[in-house]
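In what follows, every heavy atom counts, from backbone to side chain, and hydrogens, waters and symmetry copies are set aside. Reminder, nothing fancy here: chain letters follow the sequence lines and each chain counts from 1.
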Protein chains: 2
Amino acid sequence: MVRQPSINAQNRTPLSTERIIETALHIVDGQGLGRLTMRRLGDALEVEAMAIYHHLPRGKEQLLDGLVAHVAAAPADTSAAGRWQDVLRAWAGGYRERLLAHAGVLPLVVTRRNPAALTATLASLREVLRRGGVAEDAAAVAAHTLLGYVIGHAALEVRGTAEDGAAARIASGEGGEGGAVDWDARFRAGLGVVLGGVR
Amino acid sequence: MVRQPSINAQNRTPLSTERIIETALHIVDGQGLGRLTMRRLGDALEVEAMAIYHHLPRGKEQLLDGLVAHVAAAPADTSAAGRWQDVLRAWAGGYRERLLAHAGVLPLVVTRRNPAALTATLASLREVLRRGGVAEDAAAVAAHTLLGYVIGHAALEVRGTAEDGAAARIASGEGGEGGAVDWDARFRAGLGVVLGGVR
DNA sequence: ACCTGAACACCGTTCAAGT
DNA sequence: ACCTGAACACCGTTCAAGT
């Protein structure tokens, strides 16, 4: 493939941190985290890989931090009307979908990268509970428990537990649609367990 | 460093899958997942990196699968006496410690690798609940919820949320030992929320 | 200021060869 | 059967150079 750098360089929309992160997320969603390399990212941006370092001086580390921030920082609506149970149920559903849509970054969310992303989310959950009348200590525990559950459940879900499906099929005979786990229903049920346990 | 291959090769305990996995886990625990390379693992085993492929034909993929199996496959004691709540509380405490002791492999547990490891653990939780008199459907939900919570909480804990500690310090004034989060207490409290929600 | 191109020190893995 | 050594196709990153 032949390039015409000087011509392309002028007609291209310039590089930006925003565009780099979004392109990287697109690669991870489409091909997996293992195929996200600086060189491939450069190709997708129609730029030499080394140009990325001008916008992200800390290199790939900073790129991965940006991905985590982009998917894990999704706070609950602290000004929403209604019971806190409903507000948190709605948040949890959205957050789960977000994590599943970008399952490739889940391992990064779990690693130490980018403390701020999850902390903002955690603070919003605590705020919803406090405004709903839950005591300070119980709110801190519940916020942590809820976020832990949502992340942990998403992790189990992503792994796709084929054997779990097989076990359910054996236990339930031939009823239903063939024994496949209904993840939506199971998530909602587990969410009920968690929210129902908050005092 | 000069080697004497023929002499060393004879005096060394031979390579085995067991020894390879354990040495790899030692590297991950001590230096982090990012520093686990086939060449470094070979050095630690006092062997050329390529010798590992003779025991793990699928290479690094198989090595990582082995690490997950080694830490994530820790089923509950299905024949334990006492209330199921106490059995599961004990299991959860042990499993959490296991995950925290090998925090470097948590990202691997979260990824698709090795479905069998978590499935065996999940089945044991369901069995404890069923023997305790919980209905089939509720047991499946509770097992999933519990495992999800323990993994998710461990993930939050590993990230060490420094900002969370700062927020708690502001909210609580100068009481206690300086406002640091008591992770043990928080884990137990969250566990109470989850177990208390099971019908 | 923004991007390129060559170079460096690594990776995982294959493959022929040794014992 | 078990291990070695060279080789291949990649990595992330630095650095001098171009515009």
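As rounded to whole Å, 10 Å separates atom P of C:dT4 from atom CD1 of A:I52. Going from atom CG of A:D43 over to atom P of C:dG5 covers 13 Å, rounded to whole Å. Distance B:H54 NE2 to D:dG5 C1': 16 Å, rounded to the nearest Å. Atom pair B:E48:CD and C:dA17:P shows a separation of 19 Å (rounding to whole Å applied).
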Verdict with reasoning, A:L41 to A:T37, per side-chain contact (heavy atoms from CB on, under 4.5 Å)
CA-CA 6 Å; A:L41 180 55; A:T37 70; over 6 Å; no
Pair B:R126-B:E136, salt bridge (charged side-chain N to carboxylate O under 4.0 Å, His left out): steps then yes or no:
CA-CA 8 Å; B:R126 219 157 31 205; B:E136 192 76 55; 5.5 Å; no
Walk me through it: do B:E48 and B:R39 pass the test salt bridge (charged side-chain N to carboxylate O under 4.0 Å, His left out)?
CA-CA 7 Å; B:E48 291 300 314; B:R39 283 168 164 91; over 6 Å; no
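Rounding to the nearest 0.5 Å places CG of A:L156 at 4.5 Å from NE2 of B:H144. Atom-to-atom distance recorded for B:H153:NE2 and B:Y95:OH is 16.0 Å, nearest 0.5 angstrom. Here CG of B:N114 is found 10.5 Å from CG of B:L64. Values are rounded to the nearest 0.5 Å. Taking CD1 from A:I20 and NE2 from A:H55, the interatomic distance works out to 5.0 Å, rounded to the nearest 0.5 Å. Taking CG of B:L67 as the start and CD of B:Q62 as the end, the distance is 11.5 Å to the nearest 0.5 Å.
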Atom pairs, protein N/O to nucleotides 11-13 of chain D N/O, distance under 3.5 Å:
from, atom 1, to, atom 2, distance (Å)
D:dC11, OP1, A:R40, NH2, 3.1
D:dG12, OP1, A:M38, N, 3.4
D:dG12, OP1, A:K60, NZ, 2.9
D:dG12, OP2, A:M38, N, 2.9
D:dG12, N7, A:R39, NH1, 2.5
D:dG12, O6, A:R39, NH2, 3.0
D:dT13, OP2, A:Y53, OH, 2.7
D:dT13, OP2, A:K60, N, 3.0
D:dT13, O5', A:Y53, OH, 3.4

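For DNA chain D, the stems formed by at least three consecutive Watson-Crick or G-U pairs, with both atom-pair distances below 3.5 Å, span C:4-8 with D:12-16, C:12-16 with D:4-8.
Between the side chains of B:E22 and B:H26, no donor-acceptor pair is found at a separation under 3.5 Å.
Listed by residue number, the members of residues 20-27 of chain B with any heavy atom below 4.0 angstrom from DNA chain C form an empty set.
A:L99 has its side chain out of reach of A:V158: every pair of non-hydrogen atoms, C-beta onward, lies at least 4.5 Å apart.
Contact annotation: A:H55 does not reach the phosphate of C:dA1 (side-chain N/O to OP1 or OP2, under 4.0 Å).
Distance alone, capped at 3.5 Å, places no donor-acceptor pair between the B:S124 side chain and the B:P75 backbone.
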